[in-house]
Each structure stands twice: as C-alpha cells, then as structure tokens.
Colleague: 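Take this structure, written in structure tokens, and hold onto it; I'll ask about it next.
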Amino acid sequence: MRLGNLERSIMEALWRHPDGMFAQQIANALPSKPAVTTVLTVLVRLSHKELVSRHREGRAHLYKATADRDAFVAESMRAALDQAGDVEAAVMRFVGAVSPEVTAALRAALEEHEADRDSR
C-alpha cells in the first residue's frame with residue numbers, strides 16, 4: 001500500500017510512539033508542522049485504510065498504528081507481488097536488486113518457513 005508523504009510522516013510518528021499519540025502531539029512532532037485539522041483529516045484516511053485505530057481519551061482521541069512498521073512493509077511487499085503479471089520474474093528482479101544482506105535474510109526466512117511447514 002502506498003502512502004502519501006504526510007501519511008508516511010504520521011505513520012512514522014505513530015510507529016515511534018506505540019502507546020499512541022493525540023492529533024496535536026502528532027502535528028507538533030512533524031517537521032512540516034501541519035495544522036491539527038490537516039493531521040485529523042489524514043488520520044481519518046489512515047483509519048479507513050485500517051492502518052490507524054483510535055479511542056476516546058477525555059475529549060480527544062488517542063491514535064495508534066494497528067501494526068508495526070515491519071508488518072506494514074511485509075504487507076506492502078505482498079501487495080506489490082499480487083500486482084505483478086509474472087510473479088517469478090518480479091521476484092527474480094527483486095532478488096537481483098537487493099543487497100547480500102537482504103538476500104541472506106530472504107534465504108533464512110524461506111528455510112525457516114519450509115522447516116515450519118515440514119514440522120506440521
């Protein structure tokens with residue numbers, strides 16, 4: 001899932017504060033210093049995308065990311081592969097473009113996945 005610049009900045013702030021933040025705190029934490037109303041509008045969009053949850057705390061809402069950054073990245077990667085016309089070609093190009101560290105992490109994840117599957 002692609003995020004706009006402000007959406008990404010808000011998510012980064014929420015990922016840094018897993019206990020949640022109020023809209024005013026988010027606005028203050030962002031370098032661009034957007035208006036609180038702008039932040040609230042973006043938070044509604046992120047809520048509709050199921051990336052942010054909110055619950056009332058007094059007169060305001062506390063906003064939290066629904067998943068951590070790693071889960072978001074993994075879901076974005078899965079969604080990107082779902083859009084590929086040729087998944088094998090897309091994976092081959094991806095593997096050819098990443099660092100040796102990422103290649104090693106992919107190999108380790110695949111081995112662990114296969115071991116888990118074999119143990120069932």
Side-chain angles (χ1 to χ4, degrees):
M1 174 180 309
R2 288 200 162 169
L3 297 178
N5 291 337
L6 188 52
E7 288 176 320
R8 167 67 72 176
S9 295
I10 289 172
M11 290 306 301
E12 292 289 341
L14 291 172
W15 286 324
R16 284 190 304 272
H17 296 89
D19 292 335
M21 298 177 78
F22 296 102
Q24 182 68 57
Q25 292 173 311
I26 295 168
N28 292 341
L30 299 178
S32 61
K33 301 294 185 219
V36 176
T37 55
T38 301
V39 170
L40 286 166
T41 298
V42 175
L43 286 165
V44 168
R45 284 200 318 251
L46 291 169
S47 175
H48 288 149
K49 293 179 180 183
E50 298 182 355
L51 296 173
V52 170
S53 67
R54 72 179 190 170
H55 73 275
R56 187 169 289 282
E57 295 257 336
R59 293 180 48 173
H61 287 96
L62 184 69
Y63 294 88
K64 294 182 181 182
T66 57
D68 65 20
R69 180 180 296 130
D70 293 339
F72 173 78
V73 170
E75 176 58 24
S76 296
M77 291 168 35
R78 187 206 53 78
L81 285 174
D82 285 350
Q83 294 178 9
D86 183 343
V87 173
E88 186 175 338
V91 170
M92 290 300 292
R93 286 179 186 229
F94 174 73
V95 170
V98 297
S99 69
E101 294 82 11
V102 172
T103 302
L106 286 168
R107 185 173 288 113
L110 287 168
E111 289 171 359
E112 184 175 328
H113 179 73
E114 288 176 9
D116 287 346
R117 188 179 58 202
D118 291 345
S119 68
R120 291 182 202 158

Colleague: For the CD atom on Glu57, are there more than 12 heavy atoms of other groups (residues, nucleotides or ligands in this structure) within a distance under 6.0 Å?
Modeller: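 Count over threshold, so yes.
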Colleague: Indicate the atoms forming the closest heavy-atom contact of Val39 with Ala23, along with that distance.
Modeller: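 Smallest heavy-atom distance, with atoms named: CG1-O, 3.9 Å.
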Colleague: Under the side-chain hydrogen bond (donor to acceptor under 3.5 Å, both in side chains) rule, collect the residues that match up with Ser119, sequence neighbours excluded.
Modeller: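 Counting only residues at least two positions away or on another chain, Ser119 forms no side-chain hydrogen bond (donor to acceptor under 3.5 Å, both in side chains).
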Colleague: What's the separation between atom CZ in Arg117 and atom CG in Leu110, rounded to the nearest 0.5 Å?
Modeller: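 Rounded to the nearest 0.5 Å, the CZ-CG separation comes to 9.5 Å.
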Colleague: Restricting to non-hydrogen atoms, name the atom on Lys49 and the atom on Glu7 that form the minimum distance, rounded to 0.1 Å.
Modeller: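 That closest heavy-atom pairing would be NZ-OE2, 2.9 Å.
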Colleague: Could you report the tightest heavy-atom contact between Leu51 and Met11, atom names first, then the distance?
Modeller: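 Scanning both residues, the minimum pair turns out to be O-CE, 3.7 Å.
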Colleague: Taking atom CG of Leu46 and atom OH of Tyr63, what is their separation to the nearest 0.5 Å?
Modeller: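 One gets 10.5 Å once the value is rounded to the nearest 0.5 Å.
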Colleague: Given side chains that start at C-beta, do those of Leu43 and Arg54 come closer than 4.5 Å, heavy atoms only?
Modeller: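 Of all side-chain heavy-atom pairs linking Arg54 with Leu43, none is under 4.5 Å.
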Colleague: Of all heavy-atom pairs between Gly20 and Leu62, which one has the smallest distance, and what is that distance?
Modeller: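 That would be C-CD1, 3.6 Å.
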Colleague: What about Met21 and Val36, same hydrophobic cluster or not, with Ile/Leu/Val/Met/Phe/Trp/Tyr joined at side-chain heavy-atom distances under 4.5 Å?
Modeller: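 As far as the 4.5 Å side-chain criterion goes, Val36 and Met21 are connected within one cluster.
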Colleague: For a quick test of reading the model, state the closest non-hydrogen atom pair linking Ile10 to Val42 and the distance between them.
Modeller: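 Shortest heavy-atom separation between Ile10 and Val42 comes out as CD1-CG1, 3.5 Å.
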Colleague: I would like to know whether Val95 and Val91 meet side chain to side chain contact (heavy atoms under 4.5 Å, CB included); could you show each step before the answer?
Modeller: CA-CA 6 Å; Val95 170; Val91 170; 4.2 Å; yes
Colleague: Shared ILVMFWY cluster between Val102 and Phe72, side chains joined below 4.5 angstrom?
Modeller: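 In one cluster with Val102: Phe72, no.
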Colleague: Under 6.0 Å from the CZ atom of Arg107, do we count more than 12 heavy atoms belonging to anything else shown?
Modeller: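 Counting neighbours around CZ of Arg107, 12 or fewer heavy atoms of other residues, nucleotides or ligands fall under 6.0 Å, so no.
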Colleague: Under the rule for ring-ring contact (aromatic ring centres under 6.0 Å, His included), what residues qualify as partners of Phe22, not counting sequence neighbours?
Modeller: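 ring-ring contact (aromatic ring centres under 6.0 Å, His included) list for Phe22, sorted by chain: empty.
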Colleague: Going through the distances and angles, do Lys64 and His55 end up as a side chain to side chain contact (heavy atoms under 4.5 Å, CB included)?
Modeller: CA-CA 9 Å; Lys64 294 182 181 182; His55 73 275; 4.3 Å; yes
Colleague: How long is the span from the CG atom in Asp82 to the CD atom in Glu75, to the nearest 0.5 Å?
Modeller: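 It is 8.0 Å, given to the nearest 0.5 Å.
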Colleague: If you apply the rule side chain to side chain contact (heavy atoms under 4.5 Å, CB included), what do you find for His48 with Arg45, and how did you get there?
Modeller: CA-CA 5 Å; His48 288 149; Arg45 284 200 318 251; 5.6 Å; no
Colleague: Are any non-hydrogen side-chain atoms of Gln25 and His17 less than 4.5 angstrom apart?
Modeller: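 A side-chain contact under 4.5 Å is absent here.
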Colleague: With side chain to side chain contact (heavy atoms under 4.5 Å, CB included) as the test, would you mind laying out the steps for Phe94 and Leu81 before giving the verdict?
Modeller: CA-CA 10 Å; Phe94 174 73; Leu81 285 174; over 6 Å; no
Colleague: How about Asn5: does its CG atom have over 12 heavy atoms from other parts shown lying under 6.0 Å from it?
Modeller: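 No, not enclosed.
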Colleague: Locate the shortest heavy-atom distance separating His61 from Arg56; write the atom from each residue and the value.
Modeller: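 Shortest heavy-atom contact: CE1-NH2, 3.4 Å.
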Colleague: Roughly how far, to the nearest 0.5 Å, is the OG atom of Ser53 from the CG atom of Leu14?
Modeller: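 Atom-to-atom, Leu14:CG and Ser53:OG are 9.0 Å apart.
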Colleague: Hey, is Arg8 close enough to Glu12 for a salt bridge, meaning N to O under 4.0 Å?
Modeller: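 Salt bridge flag = yes for Glu12 with Arg8.
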